[in-house]
Colleague: 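Dropping a structure here in structure tokens format, bear with me for questions.
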Amino acid sequence: MTRVLSAVAWPYANGPRHIGHVAGFGVPSDVFSRYMRMAGHDVLMVSGSDEHGTPILVLADKAGEKPLDTINRNHEVIARELADLGCSYDLYTRTSTGNHYEVVQELFRVCKANGYFVEQGQSVALEPETGRTLPDRYIEGTCPICKYAEARGDQCDNCGNQLDPADLIEPRSKVTGATPEFVETQHWFLDLPALADALSVWLDGREAEGTWRPNVIKFSQNILKEIRPRAMTRDIDWGIPVPGWEDQPTKRFYVWFDAVIGYLSAAIEWARRLGEPDKWREWWNDPEALSYYFMGKDNIVFHSQIWPAELLAYNGQGARGGEPGRFGTLNLPTEVVSSEFLTMGDQQFSSSRGHVLYVRDVLERYGPDPLRYFICAAGPETSDAAFTWADFVTRNNSEIVAGWGNLVNRTATMIAKNFGEIPPCHELEQVDEDVLAAVRAGFESVGDLLRHHKVRAATAEAMRIVGEVNKYLTVTEPYKMKDESQRQRLETVLHVAAQCVSDCNTLLAPFMPHAANRVHLVLGGKGDFVPMPRIEVVDELDVDNGAGSPSYPVITGDYSDTPAWEPRPVVPGTPVAKPTPVFTKLDPAVVEEEIARLGG
RNA sequence: GGGGCGGUAGCUCAGUCGGUCAGAGCAGAGGACUCAUAAUCCUUGGGUCGUGGGUUCGAGCCCCACCCGCCCUACCA
């Protein structure tokens, strides 16, 4: 048994999630976490809504509301859709909690005391009316090089040159249209160069393990070459206050500085709510504990550089030395598991252009199983992958329904019709031994693939085994055994089939937990086979400290009843009724419908 | 501009250390069967492995150049 931290990327609270988001972090992390629990590991799976930063402020202003209203609404939406998707978080919280504020400020204080924060002046663009930082991408103007009128502050889309927003001709704010003010301002910079050697040693050690996806480790090592100090504060009045700058309420932490700390603060919040406030240390202080971070590729730099740098600085393990604070020496990531991007057809998702597919809409129309299965079988694991409705329908109809669902259904039907209960098992023939062995071997092969985050291959392997069982029924032809003299053989074949279906259901449970619970019932099981997450509204733990809400919804769950990753003997005599189909076949017409919906 | 990843059968993609590696699934064609949501099972795959060079006894797999797509470029969360 190993302690495993599943650290799942924090969705930005600017609206509902689209399926590309959950393909990147949501489903892969849940499949892994569910498998690791089944394999007997002690998993702590945490995440939450990322609620600070300029985009939230812009959204709130546009809606004419306070940022707190914006994030309250979006946090609730996101928590609901992730819970409905079945993501089995031990705690899905948010960054606007008093607990998170406290943990972020503790990390800053200790990193600073250890010498890894330096105060420096910087020239930045400010929104003249509010004094807020105006990120480069929120500035537009005429390109000084090619005179293109719609150049962005960071780059000209026309000539491709990288720009400094101060050089733009007639710069203007994309938010208000006002002319930005360029001023010199003080910020705290994380001294990344002082941590570069330690980061390099850590990355080399990770590379030696050979488990990271090659592109992730290479990219991480590459960005180390041009490492520079990076500002961890901003001129903005929305975010976590900076200790020592209490007299400057318009200076807050940079959203990414605080967001990654959420992995730690969420673990601490989880332990506090459990009533065992030090329990989190088993995942963070024990060097034997493993930690896996799940995200899309656009987040790699924050998880393989910024976050480990913050941890090294806190631990006092950079070039300037230092001592860890009260949280003790914190573990660096075991593995940064980054996904690529899911595209909609051949285009990127784009909320603004309506070229988007929201998780909640797919869940509402088709339920969680087809979406989870599609992402598992065809998701952007090692390269960008395309979502198309035609594929979605095909995967559902020919793999889930015709392959797996049909196996469940034909097995249960024959058992119900002939016996009404799981029949006993008599002497096994070679063909029976073979199929049982093939299924049993799946626990090793599928488990090995899942342990290494090869979800696509794991899905294919599980479905290959399902095919073996379908073949078994074709070869043994139990439906032809009508004579009384064949009764014992019929019992044995259907017993073996039931055993195989039960074990396949275990193998498929990490991928499609909702379906696993239904299949469990079909075979005469009681209650839930695998535990599901739930939404719970909790009270803020640190009312005096937080800037957030007095209460808020979280995702949590009790996963202690997770079934083991092993064959589970079916019990003769267990009643089995005539089944109703576990999966729903989709009319190919939905392809056209959905495409039309996209256009509209 | 710099960095990274990818370009393999109609479609979606596997191909670990260079030598049964030219593959799987879906779609298509033919057959078997009927327990099952016309589901299942069997048979069926000539695609210059983006282009052009090179290294090698031998290269999707190594090197160089080029074309195309995508991502990152640190104040996009």
Side-chain angles (χ1 to χ4, degrees), chain A residues 9-14 50-56 95 122-125 133-139 152-155 159-162 165 187 192 210 213-216 218-223 225-231 234-236 254-256 258-260 296-302 305-306 340-341 343 346 348 377-378 380-388 390-391 394-395 397-399 401-403 405-418 454 456-457 460 463-464 467 469-475 477-481 494 497 579-585:
Chain A
W10 290 51
Y12 197 60
N14 60 350
D50 175 11
E51 304 177 303
H52 298 129
T54 307
I56 295 284
T95 58
Q122 185 187 29
S123 173
V124 298
T133 303
L134 202 51
D136 290 355
R137 75 181 300 238
Y138 281 96
I139 303 170
R152 291 189 339 209
D154 51 348
Q155 187 174 9
C159 66
N161 281 296
Q162 207 174 332
H187 283 298
L192 288 164
R213 288 173 183 162
N215 58 331
V216 181
K218 282 185 74 176
F219 178 80
S220 303
Q221 287 170 324
N222 194 270
I223 56 180
K225 291 181 200 154
E226 294 177 41
I227 201 163
R228 293 200 307 233
R230 188 164 165 160
R234 292 289 184 278
D235 293 283
I236 189 172
Y254 171 43
V255 60
W256 266 113
D258 92 74
V260 288
K297 61 180 164 185
D298 53 335
N299 281 356
I300 293 175
V301 64
F302 299 102
Q305 183 172 105
I306 308 295
E340 305 293 301
F341 283 167
T343 58
D346 54 4
Q348 295 296 314
E381 205 167 280
T382 54
S383 63
D384 290 356
F387 175 93
T388 65
D391 269 1
T394 298
R395 292 272 182 191
N397 287 359
S398 65
E399 296 181 33
V401 178
N406 181 49
L407 174 62
V408 173
N409 210 42
R410 66 198 299 211
T411 302
T413 300
M414 283 188 277
I415 291 174
K417 198 179 287 181
N418 289 290
K454 298 183 175 176
R456 289 172 65 127
M463 292 307 280
R464 184 192 63 77
V469 184
N470 263 323
K471 192 180 304 184
Y472 170 76
L473 289 179
T474 301
V475 170
E477 303 181 311
Y479 39 84
K480 285 184 178 172
M481 299 174 188
L494 291 184
T580 50
V582 170
F583 299 100
T584 307
K585 194 163 181 173

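On a predicted model such as this, the values are computed, not experimentally measured, just so you know. Throughout, a chain's letter reflects where its sequence line sits, starting with A, and its residues are numbered from 1.
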Colleague: Using whole Å, report how far CG of A:D384 lies from P of B:C71.
Modeller: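 For the pair A:D384 CG and B:C71 P, the rounded distance is 7 Å.
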Colleague: With pairs taken as Watson-Crick or G-U wobble and both distances under 3.5 angstrom, which stems of at least three consecutive pairs involve RNA chain B?
Modeller: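 Stems for RNA chain B, defined as runs of 3 or more consecutive pairs: B:1-7 with B:67-73, B:10-13 with B:23-26, B:28-32 with B:40-44, B:50-54 with B:62-66.
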Colleague: At under 4.0 Å, does any side-chain N or O of A:R410 touch on OP1 or OP2 of B:U40?
Modeller: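 Answer is no, no contact under 4.0 Å.
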Colleague: Between B:U20 and B:C49, how far is it from one P atom to the other, in whole Å?
Modeller: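 16 Å, rounded to whole Å.
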Colleague: Separation of A:F302 atom CZ from B:C72 atom P, in whole Å?
Modeller: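 One finds 11 Å between P of B:C72 and CZ of A:F302, rounded.
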Colleague: Please pick, from B:A36, B:C75, B:G25, the nucleotide with the shortest atom-to-atom distance to any side-chain atom of A:Q122.
Modeller: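 Among the listed nucleotides, the one closest to the side chain of A:Q122 is B:C75.
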Colleague: For the backbone of A:A231 and the side chain of A:R234, can you confirm whether one donor and one acceptor N or O come within less than 3.5 Å of each other?
Modeller: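 Yes; at least one donor-acceptor contact below 3.5 Å.
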Colleague: Which value, in whole Å, describes the distance between the C1' atoms of nucleotides B:G2 and B:G58?
Modeller: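 37 Å, rounded to whole Å.
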Colleague: Below the 4.0 Å mark, does B:A39 have OP1 or OP2 next to a side-chain nitrogen or oxygen of A:K585?
Modeller: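 Yes, within the criterion.
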Colleague: How should the glycosidic conformation of B:G31 be described, syn or anti, under the criterion that syn lies within 90° of 0?
Modeller: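 Anti, since the glycosidic angle lies more than 90° from 0.
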Colleague: State, with a plain yes or no, whether a side-chain heavy atom of A:T54 is found less than 4.5 Å away from one of A:V255.
Modeller: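 No, side chains not in contact.
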Colleague: Roughly how many Å is it from CZ in A:R228 to P in B:C72, rounded to a whole number?
Modeller: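 Going from CZ in A:R228 over to P in B:C72 covers 18 Å.
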Colleague: Would you say a side-chain N or O of A:K480 is under 4.0 Å from OP1 or OP2 of B:C33?
Modeller: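 No, no such contact exists.
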Colleague: Starting from C1' on B:A36, measure out to CG on A:N418 and report it in whole angstrom.
Modeller: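 That distance rounds to 13 Å.
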Colleague: Looking at B:A14, I'd like to know if its phosphate oxygens (OP1 or OP2) sit under 4.0 Å from a side-chain N or O belonging to A:T382.
Modeller: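 So the side-chain polar atoms of A:T382 do come within 4.0 Å of the phosphate oxygens OP1 or OP2 of B:A14, strictly under.
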Colleague: Check whether any side-chain heavy atom of A:Y12 sits under 4.5 Å from a side-chain heavy atom of A:I56, and report yes or no.
Modeller: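 Touching, per the 4.5 Å side-chain cut-off.
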Colleague: Between B:G18 and B:G30, how far is it from one P atom to the other, in whole Å?
Modeller: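 Between the two P atoms, the distance is 44 Å.
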Colleague: Once you round it to whole Å, what is the distance between C1' of B:G3 and NZ of A:K297?
Modeller: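 A:K297 atom NZ is separated from B:G3 atom C1' by 14 Å.
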